[in-house]
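Note that ligands are numbered from 1 as they come in the structure, with each ligand's atoms numbered from 1 the same way. Worth saying up front: this structure is predicted, and the values here are computed from it rather than measured.
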Amino acid sequence: MGIYTELYPVNNHLRHAELLDGLWRFQFDPESRGEADAWPKNGLPESISMPVPASFSDVFTDARSRDYAGDFWYETAFCVKEVSPDKRYFIRFGSVTHTCRVFVNGVECASHTGGFLPVVADVTSAVVPGMNRLTVKANNELSETNIPCGTTVRRSDGSKRSMGYFDFFNYSGIQRSVYYMELPKCAIKDYSLVYRLEGSDAYIDYKIEADGGDEVSIAFIDAEGKVAARGDGEQGTLFIPSAHLWKVRNAYLYDVVIELKQGGKVTDRYTAKAGIRTVEIKGESILLNGEKVYLKGFGKHEDADMIGRGFNYAIAKRDYECLKWIGANCFRTSHYPYAEEWYRMADEEGFLIIDEVPAVGMMRSIANFLTAGRGEAKGFFAECPDIGTLSKNHRAAIEEVIARDKNHPSVIAWSIFNEAETYTELAEKYFAPLFELARALDPQKRPLTGALEKSSSPAACRVNKMMDFICLNRYYGWYISGGELEEAERMFREEMDAWQAKKLNKPFVFTEFGTDTLDTLHKLPGVMWSQEYQQEYMRMHFEVFAGYPAIQGELAWNFADFQTGQGIMRVNGNKKGVFTRQRQPKAAAYTIRERWLNIK
Ligand code: CKU
């Protein structure tokens with residue numbers, strides 16, 4: 001522990017957490033003059049209203065605003081009833097994309113780089129009793145030294161345009177919930193739980209970090225409200241005989257209650273849910289609670305009409321219902337950590353998550369899906385203007401995602417990158433310390449992986465040795481031999497034979513395979529883009545998967561159609577969804593469902 005994203009907000013008699021979501025003020029700042037003009041102190045001079053949480057892009061009706069790149073500002077107000085010396089005051093953003101600085105009453109309280117993890121501002125020294133002005137300066141320009149990677153270019157009129165080396169729209173803004181929090185001065189800062197099973201008995205190694213206080217305790221409460229185990233002290237081991245285990249799609253959650261006392265008086269109380277389960281890789285198997293599990297599901301995006309990447313409970317709920325209907329048990333948070341609410345829901349629903357950091361685009365190419373899909377990727381690291389800064393930001397994302405998500409039973413693995421260059425010495429040198437870092441930081445020592453594109457071939461890839469299981473993104477029958485499924489299948493099997501010949505003794509999971517499919521197009525026999533072709537392509541893949549025992553999972557690309565940048569390869573977005581962007585099934589959804597419901 002040591003890196004704090006502040007625990008997910010809870011409300012009780014000792015902690016106050018108040019949602020600041022709603023309509024905020026908003027202003028673009030293309031000339032970056034807001035600070036010189038003292039906007040944090042004086043307010044935004046020509047603001048419009050803007051919903052939070054949401055991406056700003058798709059609420060606009062003009063292209064310039066939708067595609068804006070540069071500085072932009074948000075502002076709201078929050079009320080502090082009294083400023084007490086026994087309390088500390090925080091503003092916690094689920095994320096601000098991609099960099100930000102936070103001001104309260106004109107005083108800078110925090111800055112953050114990385115658009116998909118919490119930004120926590122300790123505003124204690126800046127707040128006053130009554131109303132307080134909260135101002136956020138954000139920037140969404142892409143570069144090769146921050147993740148996700150890309151570039152920012154100028155149009156002939158001088159305005160900026162962000163171009164991602166990745167295949168999703170550069171949605172930006174305050175896309176997740178914002179909380180105002182009052183915490184006791186003497187507070188619980190963090191905790192971690194590590195599970196060991198012996199038969200049906202569970203041992204739980206716990207650690208609690210607190211700011212001050214002299215006594216700390218932890219209790220596991222079962223679903224009937226009975227104390228299943230209790231421990232005193234900052235660390236120790238709890239024992240639960242005949243524990244209820246957290247299982248796939250059958251999630252048993254205990255309530256965890258952590259209390260901090262000072263001079264015999266309880267000063268802080270933190271409550272959370274916990275699921276008892278173990279994850280481990282053994283030979284070619286992925287084991288959950290010591291039992292083999294086969295991963296079925298998708299790579300997803302946080303993406304929907306109007307709100308872009310904004311978190312919305314109704315959409316998340318619908319997604320989980322669709323995932324259940326189709327027989328899935330897993331998804332990858334391609335290509336960035338999602339809003340925390342996704343993980344809380346997965347904990348409750350018993351879904352497995354491969355949690356990915358936003359390290360995507362480590363490949364210098366605007367249409368990178370094409371070059372990567374065909375295995376024609378260009379190098380990245382040799383020409384990266386500042387590998388040091390890039391790796392510092394990448395490290396921070398790994399530290400913060402593990403700090404944030406380490407206690408979710410749903411998180412079964414960390415994905416350190418998506419489709420990076422892996423076939424050079426530079427790449428090997430770049431990734432080795434990042435894998436080591438993740439291994440050292442995770443108290444539960446979950447398996448590590450990364451998603452490999454076509455150039456990361458069995459012969460060339462120098463990073464798969466760092467991975468506990470191997471994730472492959474492959475497009476035989478789309479980017480390779482599109483429309484030629486028989487030929488595609490031969491090439492696909494050839495590659496799998498080459499992987500098999502390496503005798504890595506590790507599981508393989510397909511983290512991408514799919515075809516762009518228009519929900520309006522039917523054609524017999526199937527052609528690329530038709531509903532029939534998506535079905536035929538899936539069936540071909542299922543046959544290949546069945547032929548290689550090391551394949552322990554299939555996460556199709558993508559759960560739903562999603563927005564991308566514009567280009568000749570994208571028809572208003574990527575259409576590889578098995579569901580439409582409105583979360584209705586395409587024909588292939590029924591093909592997949594028939595299979596997944598029958599895989600135990
Ligand atoms: C997907 C090997 C191609 C990489 N993959 C990345 C993902 O972000 C894209 O959306 C390809 C695609 O549909 O092209």
query: Hey, are His112 and Glu400 close enough side-chain-wise for a donor-acceptor pair under 3.5 Å?
result: yes
- request: Please work out whether any backbone atom (N, CA, C, O) or any side-chain heavy atom from C-beta onward of Thr564 is under 4.0 Å from ligand 1, and answer side chain, backbone, both or neither.
  value: neither
- line: At under 4.0 Å between heavy atoms, what of Phe562 touches ligand 1? The answer is side chain
message: If I take atom OG1 from residue Thr333 and atom NE2 from residue His301, how far apart are they, to the nearest 0.5 angstrom?
response: 10.5 Å
query: Does any N/O atom on Trp557 come nearer than 3.5 Å to any N/O atom on ligand 1?
result: yes
query: Is Lys454 in polar range of ligand 1, meaning some N or O pair under 3.5 Å apart?
result: no
message: Is it the case that ligand 1 has an N or O less than 3.5 angstrom from some N or O of Glu453?
response: no
message: Name the residue from Trp325, Phe298, Phe542, Tyr294 that meets the ring pair (Phe, Tyr, Trp, His ring centres under 6.0 Å) definition with Trp596.
response: Phe298
query: Distance only, no hydrogens: is a donor on one side chain within 3.5 Å (strictly under) of an acceptor on the other, for His522 and Gln531?
result: no
Identity of the nearest option to atom 14 (O) of ligand 1, non-hydrogen atoms only, from Tyr479, Phe168, Tyr475: Tyr479
message: With heavy-atom distances below 4.0 Å as the criterion, list the atoms of ligand 1 near His335.
response: 7 (C), 8 (O)
message: ring-ring contact (aromatic ring centres under 6.0 Å, His included) for Phe545 and Phe510? Distances and angles first, verdict last.
response: CA-CA 9 Å; Phe545 295 160; Phe510 274 81; 4.9 Å; yes
field: Ligand-residue contact atoms, ligand 1 with Glu512, heavy atoms, under 4.0 Å
entry: 1 (C), 4 (C), 5 (N), 6 (C), 7 (C), 11 (C)
- line: Among Glu419, His301, Arg570, closest by heavy atom to atom 6 (C) of ligand 1 is Glu419
query: Should Arg474 be listed as contacting ligand 1, given a heavy-atom distance under 4.0 Å as the test?
result: no
- line: dist Tyr430:OH -> Thr422:OG1 (nearest 0.5 Å) comes out at 13.5 Å
task: Please determine, by modelled atom types, if Glu487 and Ser481 share a side-chain donor-acceptor pair under 3.5 angstrom.
output: no
- request: Say whether Phe166 and ligand 1 are in contact under the criterion: heavy-atom distance to a ligand atom below 4.0 Å.
  value: no
task: May I ask you to check whether Asn170 and His98 show a side-chain donor-acceptor distance below 3.5 Å?
output: yes
